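Working notes, structure below.
None of these values were measured; they are calculated from a predicted model. Heavy atoms only: backbone and side chains are in, while hydrogens, waters and symmetry mates are out.
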Amino acid sequence: MPSEYPKCFITVGTTRFDQLTEYITSTPILRALKQIGCKQITFQIGNSNYEPGEYDKEGIKLKLYRFKDSIKEDIEQADLVISHAGAGSCLEALDANKPLLVVINEELMDNHQVELAEQLQIDGHLYYCTCDTLENTLSVVDFSMLFPFPKPDPTLFVKYLEETLRAKSS
């Protein structure tokens with residue numbers, strides 16, 4: 001895993017998370033990202049009030065877009081992924097073995113995303129924070145300490161089915 005992260009991919013998924021968009025494009029967060037080697041950000045901004053486009057700020061090239069059919073290529077090209085806490089976005093980044101920082105949207109009601117992020121952090125697969133703690137988190141976390149997310153094993157389901165059927169026929 002690189003000690004610097006020149007290419008960052010950031011996603012808010014299909015939701016609206018203007019707070020994260022505002023924070024990521026702010027000078028303090030861009031400086032914190034620059035401190036960990038970020039030179040280029042590809043940012044999927046969803047239904048944000050922000051306008052898609054390309055520009056430079058704080059010495060970082062930013063490319064903002066709303067949606068694509070798939071973010072897989074953006075994830076694969078990234079050295080670091082910063083994501084909202086949606087299960088699909090998290091699992092896609094973890095499946096690609098990318099270091100992942102999840103930013104919780106505290107404005108969501110009944111936020112099950114917090115539970116997912118907490119458990120995946122406890123298991124050592126990602127770090128999570130809030131928008132308010134993002135700058136500090138970027139300066140203290142060590143992404144090299146994360147463990148790869150285990151690949152799915154479809155044989156476990158088959159084994160479970162066989163055992164269940166065997167037990168029912170006994």
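- Each of V102, L33, L100 was scored for a side-chain contact (heavy atoms from CB on, under 4.5 Å) with I82, with one residue passing: L33.
- Under the 3.5 Å distance criterion, with hydrogens and angles disregarded, no donor-acceptor pair is assigned to the side chains of T11 and H84.
- Annotation: side chain of L116 is in contact with side chain of L120 (closest heavy-atom distance under 4.5 Å).
- A distance of 8.5 Å separates CD in E76 from CD in E92, rounded to the nearest 0.5 Å.
- Y127 contributes a side-chain N or O that, together with a main-chain N or O of D142, makes up a donor-acceptor pair within less than 3.5 Å.
- Considering every non-hydrogen atom in both A78 and F9, the closest pair reads CB-CB, 3.7 Å.
- F149 and H125 have their aromatic ring centers within a separation under 6.0 angstrom.
- Between N47 and T15 there is no side-chain heavy-atom pair separated by less than 4.5 Å.
- Taking hydrophobic clusters as Ile, Leu, Val, Met, Phe, Trp and Tyr residues chained together by side-chain heavy-atom distances below 4.5 Å, I122 does not share a cluster with L146.
- Side chain of N49 to backbone of D18: no donor-acceptor contact under 3.5 angstrom is found.
- Heavy atoms of other residues, nucleotides or ligands lying less than 6.0 angstrom from CZ of F147 number 12 at most.
- To the nearest 0.5 angstrom, I41 atom CD1 is 4.5 Å from I10 atom CD1.
- One distance of note links SG of C8 with CG of L80; it measures 4.5 Å at 0.5 Å rounding.
- Within the 3.5 Å criterion, the main-chain N or O of Y50 finds a donor-acceptor partner in the side chain of S48.
- A donor-acceptor pair under 3.5 Å is absent between the side-chain atoms of T133 and the main chain of C129, judged by distance alone.
- The pair D79-K98 fails the salt-bridge criterion, with no side-chain N (NZ, NE, NH1 or NH2) lying under 4.0 Å from an Asp/Glu carboxylate O.
- No side-chain heavy atom of I60 sits less than 4.5 Å from a side-chain heavy atom of Y55.
- Nearest heavy-atom pair across V103 and F17 is O-CE1, 3.5 Å.
- With rounding to the nearest 0.5 Å, the separation of CD in Q19 from CD1 in I24 is 11.0 Å.
- By the salt bridge (Lys or Arg N to Asp or Glu O under 4.0 Å) test, E58 pairs with R31, sequence neighbours left out.
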>> Pair T27, K57 - check side-chain contact (heavy atoms from CB on, under 4.5 Å), show working.
In response: CA-CA 8 Å; T27 298; K57 188 173 179 184; 4.0 Å; yes
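- In terms of the ring pair (Phe, Tyr, Trp, His ring centres under 6.0 Å) criterion, Y23 has no residue partners (sequence neighbours excluded).
- Comment: K72 does not engage D74 in a salt bridge, judged by the lack of any side-chain N to carboxylate O separation of less than 4.0 angstrom.
- Closest approach of I45 and P52 over heavy atoms only: CD1-N, 4.1 Å.
- With hydrogens and angles left out, the side-chain atoms of Q77 and E73 include a donor and acceptor closer than 3.5 Å.
- From E4, atom CD reaches atom CD of Q35 across 10.0 Å, with rounding to the nearest 0.5 Å.
- Of all the heavy atoms in R16 and N105, the pair that sits closest is O-ND2, 3.9 Å.
- Between F43 and V12, the shortest heavy-atom contact is CE2-CG1, 4.1 Å.
- For the pair K68 and Y65, the cation-pi test (distance below 6.0 Å, angle within 45°) is passed.
- Listed by chain and residue number, nothing satisfies the ring pair (Phe, Tyr, Trp, His ring centres under 6.0 Å) test with Y128 (two or more places apart in sequence, or in another chain).
- Using bins of under 30°, 30° to 60° and over 60° for the plane-to-plane angle, the ring pair F143/Y5 lands in the perpendicular bin.
- Looking only at distances, no side-chain donor or acceptor of K7 sits under 3.5 Å from a matching main-chain atom of K39.
- Residues L138 and I36 meet the side-chain proximity criterion, which asks for heavy atoms closer than 4.5 Å.
- Atoms CD and CD, from Q121 and Q119 in turn, are 10.5 Å apart once rounded to the nearest 0.5 Å.
- Counting only distance, with no hydrogens or angles, the side chain of S89 and the backbone of G86 share no donor-acceptor pair below 3.5 Å.
- A 4.5 Å side-chain heavy-atom check between K151 and D95 finds at least one atom pair inside the cut-off.
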>> Walk me through whether I29 and L134 qualify under side-chain contact (heavy atoms from CB on, under 4.5 Å).
In response: CA-CA 7 Å; I29 300 302; L134 178 58; 3.9 Å; yes
